[in-house]
Amino acid sequence: MTKPTLPPGTRDFGPDVVRKRNYIFSTIRNVFERYGFQPLETPAMENIETLMGKYGDEGDKLIFKILNNGLANPEKEELTRKEFEKVLQGKNSKGITERALKYDLTIPFARYVAMNHAQLIFPFKRYQIQPVWRADRPQKGRYREFYQCDADVVGSDSLLNEIELANIYNDAFSQLGIKNYELRINHRKILTALAELCGGAEKMNDIAIAIDKLDKIGLEKVKEELVRKHFSAAQLSVIENYLSIYGTNKEKLSGIKSLLLNNVTGEKGIKELEHLITNCRLVAQNSSLILDFTLARGLNYYTGIIFEATAKDVSIGSIGGGGRYDDLTGLFGVPNIPGVGISFGVDRIYDVMEELSLFPASLQVSTQVLFFNLGDAESNVSFDLMQQLRQKNIRCELYHEKTKFDKQFKYAEKKNIPYVVILGGEEIKNKSCKLKNLAEGKQQDISWNDLLNYSFT
RNA sequence: GUGGCUGUAGCUCAGCUGGUUAGAGCAUCAGAUUGUGGUUCUGAGGGUCGUGGGUUCGAACCCCAUCAGCCACCCCA
């Protein structure tokens with residue numbers, strides 16, 4: 001018998017952790033609901049072709065594939081071997097695998113919209129809180145199974161959606177207590193325009209990947225990487241000019257305007273960003289909304305404004321991201337449904353909140369009242385009282401066996417139970433009990449009737 | 001997929017240039033204390049030193065392999 005272990009990158013969540021995670025989920029869910037978003041759930045697994053090719057080559061490698069059943073069937077052995085050859089060559093084979101765990105929530109959502117667009121009321125605003133899986137190598141802040149909380153609007157190209165999504169980030173983070181966050185924004189069309197200035201829109205990916213690392217590796221390394229990708233000196237200087245735009249959002253806007261002068265694609269992007277910035281009306285006076293032309297984001301279906309949220313006090317990578325995609329459902333044969341969405345990375349938000357001690361202490365109180373067990377006769381009375389309290393929504397438990405006070409007190413302490421009720425033979429005679437507040441160490445005699453009407457806090 | 005670091009009690013770790021029976025704190029359990037917890041005191045249990053092999057009179061320590069965990073790169077939440 002070997003010690004049981006977890007698959008790498010997965011975790012068990014104990015009671016206190018689940019409480020904290022649920023706190024994050026319900027906070028975000030409430031914000032989503034308040035903005036008129038509706039819940040959606042999709043299966044853990046999708047047909048593999050629904051997912052493949054949607055996340056770029058790197059993404060394809062990280063999709064968790066599910067082995068088909070019945071591969072051991074001797075009648076199909078010949079075929080199975082042949083199919084497996086394809087897998088060895090790096091191809092997908094439906095004979096070996098035809099399903100995969102979902103990689104994110106956006107593509108399954110697009111699949112859902114494509115399948116149900118005739119019934120949906122547009123614009124369709126949905127939120128989705130579910131686990132996703134990636135065959136990545138785990139490390140700090142990076143897991144193989146993790147939750148995403150997505151909110152997307154499809155069927156509308158109004159920038160009002162971007163404005164609302166930015167405000168959702170602001171509301172959710174401020175309610176969670178993460179005051180010091182940054183929401184950085186950029187526009188894919190600006191990146192495209194830069195690529196056009198450098199000789200071709202097809203270079204956008206190379207440029208984006210390189211400049212995205214600017215704050216991490218510095219300008220020189222970025223240039224080195226671009227040289228490796230065969231960019232000329234002239235192109236490099238264009239990119240360097242682009243990267244040297246700095247200042248307030250306003251200053252950056254005027255900088256980018258002069259750089260991308262007369263570029264139709266770029267101008268459209270600039271106009272949209274300008275609209276978002278001036279109309280966003282974040283509670284925090286826009287201080288957390290930051291224009292960042294180095295922001296690229298990996299997912300290659302984005303076409304418009306892109307978002308990325310980071311917590312400033314904790315270096316853990318982004319805690320949320322999103323953007324606009326013009327034609328996501330086109331991949332599934334239903335064209336012309338534009339959309340925009342954002343995602344919260346709950347696991348990372350958890351780590352941030354833990355590090356900054358932002359969880360309310362009240363989350364750790366599960367049971368409110370512990371009834372001491374002083375014997376069978378006493379317990380019977382306690383049990384009746386306890387059931388009446390439970391009817392009133394007070395969370396109670398009766399100690400499971402008669403034992404000395406020491407143990408029962410320590411149990412209450414360890415479980416962080418704020419009140420204990422002591423009810424023995426003496427108390428039964430007067431129809432009373434002793435109610436003790438453990439934190440204050442104070443104890444009072446109280447009638448059964450008063451106990452039932454006591455306001456436990 | 002590529003590279004680096006670390007594996008000693010349930011947890012955090014000590015363990016000298018290789019030397020006899022591997023330690024500490026916390027946690028657990030019991031007692032001091034059979035109707036009043038948190039503090040304190042006393043005691044107890046708990047180890048294949050990740051695993052397998054090698055070198056050696058002798059290995060937790062050195063060598064090889066292997067497994068696991070962590071971190072970084074790529075990419076990403």
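Not measured: the values here are computed from a predicted model. Numbers restart at 1 for each chain; the letters A, B, ... are given by sequence-line order, proteins then strands.
Checking G35(B), C74(B), G37(B) against the side-chain heavy atoms of E58(A) singles out C74(B) as nearest. Side-chain atoms of K140(A) lie closest to C71(B) of the nucleotides G35(B), C71(B), U36(B). Listed candidates were C75(B), C71(B), G69(B). Nearest to the side chain of P8(A) is G69(B). Which of G37(B), C75(B), C76(B) sits closest to the side chain of R348(A) comes down to C76(B). If you check G35(B), C76(B), C75(B) against the side chain of R134(A), the one that comes closest is C76(B).
Figure legend. U40(B) is base-paired to A32(B); pairs are counted as Watson-Crick or G-U wobble with both atom distances under 3.5 Å. Base-pair partner of A68(B): U6(B) (Watson-Crick or G-U wobble, both distances under 3.5 Å). The pairing partner recorded for G1(B) is C73(B), the criterion being a Watson-Crick or G-U wobble arrangement whose two distances lie under 3.5 angstrom. Pairing partner, A24(B): U12(B), with both Watson-Crick or wobble hydrogen-bond distances short of 3.5 Å.
A cation-pi geometry, defined here as NZ or CZ lying under 6.0 Å from the six-membered ring centre and within 45° of its normal, does not hold between R134(A) and F64(A). In this structure, R11(A) satisfies the cation-pi test against Y143(A), with its NZ or CZ atom closer than 6.0 Å to the six-membered ring centre and inside 45 degrees of the ring normal. Cation-pi geometry between R21(A) and F13(A) is met: the NZ or CZ atom falls under 6.0 Å from the ring centre, inside 45° of the normal. Under a cutoff of 6.0 Å and an axis angle of 45°, R324(A) and Y302(A) do not form a cation-pi pair.
Counting to the nearest Å, the C1' atom of A77(B) and the CH2 atom of W133(A) are 15 Å from each other. Whole-Å rounding puts the R142(A) CZ to A77(B) P distance at 10 Å. As rounded to whole Å, 15 Å separates atom C1' of C76(B) from atom CG of D57(A). If you take CG of L62(A) and P of C74(B), they are 14 Å apart, rounded to a whole angstrom. Note: CG (D406(A)) to P (U28(B)) measures 12 Å, nearest angstrom. We find that CD of Q139(A) is positioned 16 Å from P of G3(B), with the value rounded to whole Å. Atom P of nucleotide G1(B) and atom CG of D60(A) are separated by 16 Å, given to the nearest angstrom. A straight line from OH of Y399(A) to P of U36(B) spans 17 Å, rounded to a whole angstrom.
Residue side chain R137(A) does not reach the base of C73(B) through any donor-acceptor N/O pair under 3.5 Å, judged by distance alone. At a cut-off of 3.5 angstrom, counting only N and O atoms as typed in the model, there is a donor on one side and an acceptor on the other between the side-chain of K436(A) and the base of U36(B). Judged by atom type and distance alone, Q443(A) reaches the base of U36(B) through a side-chain donor-acceptor pair under 3.5 Å. Residue-to-nucleotide contacts include no donor-acceptor pair under 3.5 Å from the side chain of K410(A) to the base of G38(B).
Here, C61(B) and U17(B) have their P atoms 15 Å apart, quoted to the whole Å. A distance of about 22 Å separates the C1' atoms of A24(B) and G19(B), rounded to the whole Å. Straight-line distance between the C1' atoms of U2(B) and C64(B): roughly 23 Å, to the nearest whole Å. Separating the P atom of A27(B) from that of U42(B) is a span of 15 Å, rounded to the nearest Å.
Note on G441(A): a base of the nucleic acid sits closer than 4.0 angstrom, heavy atoms only. Contact annotation for K442(A): no contact, since no heavy-atom pair falls under 4.0 Å across all strands. Backbone-only engagement by G320(A) is indicated by non-hydrogen atom pairs under 4.0 Å involving sugar-phosphate atoms exclusively. Note on Y143(A): a base of the nucleic acid sits closer than 4.0 angstrom, heavy atoms only. Within 4.0 Å (heavy atoms only), G375(A) reaches no atom of the nucleic acid at all. At a threshold of 4.0 angstrom between heavy atoms, the contacts of S343(A) with the nucleic acid are absent. When heavy atoms are screened at a 4.0 angstrom cut-off, A439(A) is found touching base atoms of the nucleic acid. Within 4.0 Å (heavy atoms only), G424(A) reaches at least one base atom of the nucleic acid. At the heavy-atom level, D347(A) lies nowhere under 4.0 Å from the strands shown. In this structure, E427(A) reaches the bases: a heavy-atom distance under 4.0 Å links it to at least one base atom across the strands shown. If you check every strand for non-hydrogen atoms under 4.0 Å, I209(A) touches sugar and phosphate atoms only.
Aromatic ring pairs are classed by plane angle as parallel below 30°, tilted from 30° to 60° and perpendicular above 60°; the pair F37(A) and F32(A) is tilted. Ring orientation note: the planes of Y350(A) and F359(A) are tilted relative to one another, at an angle of 30° to 60°.
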Chi angles and distances behind the ring-ring contact (aromatic ring centres under 6.0 Å, His included) call for F409(A), Y411(A):
CA-CA 5 Å; F409(A) 269 118; Y411(A) 178 80; over 10 Å; no
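Taking 4.0 angstrom as the limit, K213(A) places a side-chain polar atom (N or O) nearer than this to OP1 or OP2 of C75(B). Of the side-chain N and O atoms in K407(A), none sit less than 4.0 angstrom from OP1 or OP2 of C29(B). OP1 or OP2 of A77(B) has not a single side-chain nitrogen or oxygen of Q148(A) nearer than 4.0 Å.
We find the CG-OG distance between L370(A) and S382(A) to be 10.0 Å, quoted to the nearest 0.5 Å.
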